S.K.: 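Structure below; questions to follow.
Quick caveat: nothing in here was measured; it's all calculated off a predicted structure. Ligands are counted one by one from 1 in listed order, and the atoms in each one are counted from 1 as well.
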Amino acid sequence: MKINPLLFLALLACPPLHAQELLELNAAQRCIYTGALMDEELYRFPESDRVNAWVKEIAELGDTEINFEVVQTNVENVSAVLDGEKRYLLYSLDFVEKNTELEVVVALAHEVGHHANGHHFSAERRKTEELEADQFMGYVMSKRGFTMPDIEAFLKKLPSSYELSFEDRRLVVGEGFDKAGRSMQINSLPFDNNPQLDELTLPGFPWPPPSCNARFAVPVSSFAGYRTLGDVERKICTALDAKGYAQRSYFSVPNGFAIVTQLEQYNAEDGTARNDRTRWLDYPAKDNFAGVLDYLKSFVMPQKGYFRLFVFVATNQPFGGSAQRVSKDQAAAWLNLGFNKLPRSLATAPFSAGYDVTALVYEFEVPESNRKPIQKCPAPLFDAKTHLQKSGIAAGLGF
Ligand SMILES: [Zn+2]
């Protein structure tokens, strides 16, 4: 960060004013919960323990880290800001004190959702980012015990400032809400003795799988001596964990199951995963910036990006591919549609003769020209085995 030498001297000369310290911040990239305006000068006011506790709780319920600074300031309500590489969550104590707990937590959770998703608040992704933040909010509010009608009432009371309809928002908040409901139901059951888990139907993976994937039969030797589907699942998950694929989702397939990983960005040169800053972003972005201009340019001039996700299918059924293709957005949504655990009835099912594991890799390219994703089909950049090796998953599976 550049420090203005005059300001630096001024800071040395006089002690900081705790009550009203100027908050030096470029808030051009932001979401503000309602009202699009922001004061020109923002001041840093003393922290509120209550708000800090809520933010901590939201991050824990949303399975995310606090990768931002929380500041009480003179914003209208609550705002998420990205200034260069630094993220802020700004809030008005006036807003906090004049509204109900539900209303404040909804607004905070929406803004935390922007940071959890690594959003950049660009005009062209505005709608997508707002809906993703709302989905996160629905997830957190469900886990916190609020009801959909409560949230819907609030969405009506304080509509989005970004031209999103109530219906659009209700839909994605409901998705987040349902996802949390499933994950809580499953997590509340002890894994080893949970007949109720099987009463929750594991969602089916599209079958046969959508076409345009590269596929590879994982060598039988990887699972030699394995007796149950649960054994196989644990080996795959250990290999995925070792390479940072912590987010994944379970589906049923005929006589077996499928594990889907989160959509990730990879390097087109060699098939390795991109660095942690860009790997999980769902739009193209540079790994490094040569300077401020380069950084700003990246928002105006789209980058080219390569995306992939892995699906591991364990079944004894032969399968081909359906004529249906899958879009990048549909594939990314798989992560939210499946279970977070393999039900016991499947985990204890025998991994017997005729069973094997096939890895499917779906590749997408987002070209520089228009950012509209293209499925890499029928000419994938790499074959499935190369993807598995370069991602490091193959090593964990022993080939
Ligand atoms: Zn927003």
S.K.: Give the atom name of whichever N/O/S atom in H110 sits closest to the Zn ion (ligand 1).
M.R.: NE2

S.K.: Using a cut-off of strictly less than 2.8 Å, determine whether D134 has an N/O/S atom near the Zn ion (ligand 1).
M.R.: no

S.K.: Should the pair W207 and F319 be assigned to parallel (<30°), tilted (30 to 60°) or perpendicular (>60°) ring geometry?
M.R.: tilted

S.K.: For the Zn ion (ligand 1), which N, O or S atom of H114 is at the shortest distance?
M.R.: NE2

S.K.: Describe, in one word, how the ring planes of H110 and H114 are oriented to each other, choosing from parallel (under 30°), tilted (30 to 60°) and perpendicular (over 60°).
M.R.: perpendicular

S.K.: Is it true that K98 and D94 have a side-chain N and a carboxylate O under 4.0 angstrom from each other?
M.R.: yes

S.K.: Which atom, among the N/O/S set of E130, is closest to the Zn ion (ligand 1)?
M.R.: OE1

S.K.: Check for me whether the distance between the ring centres of F310 and F216 falls short of 6.0 Å.
M.R.: no

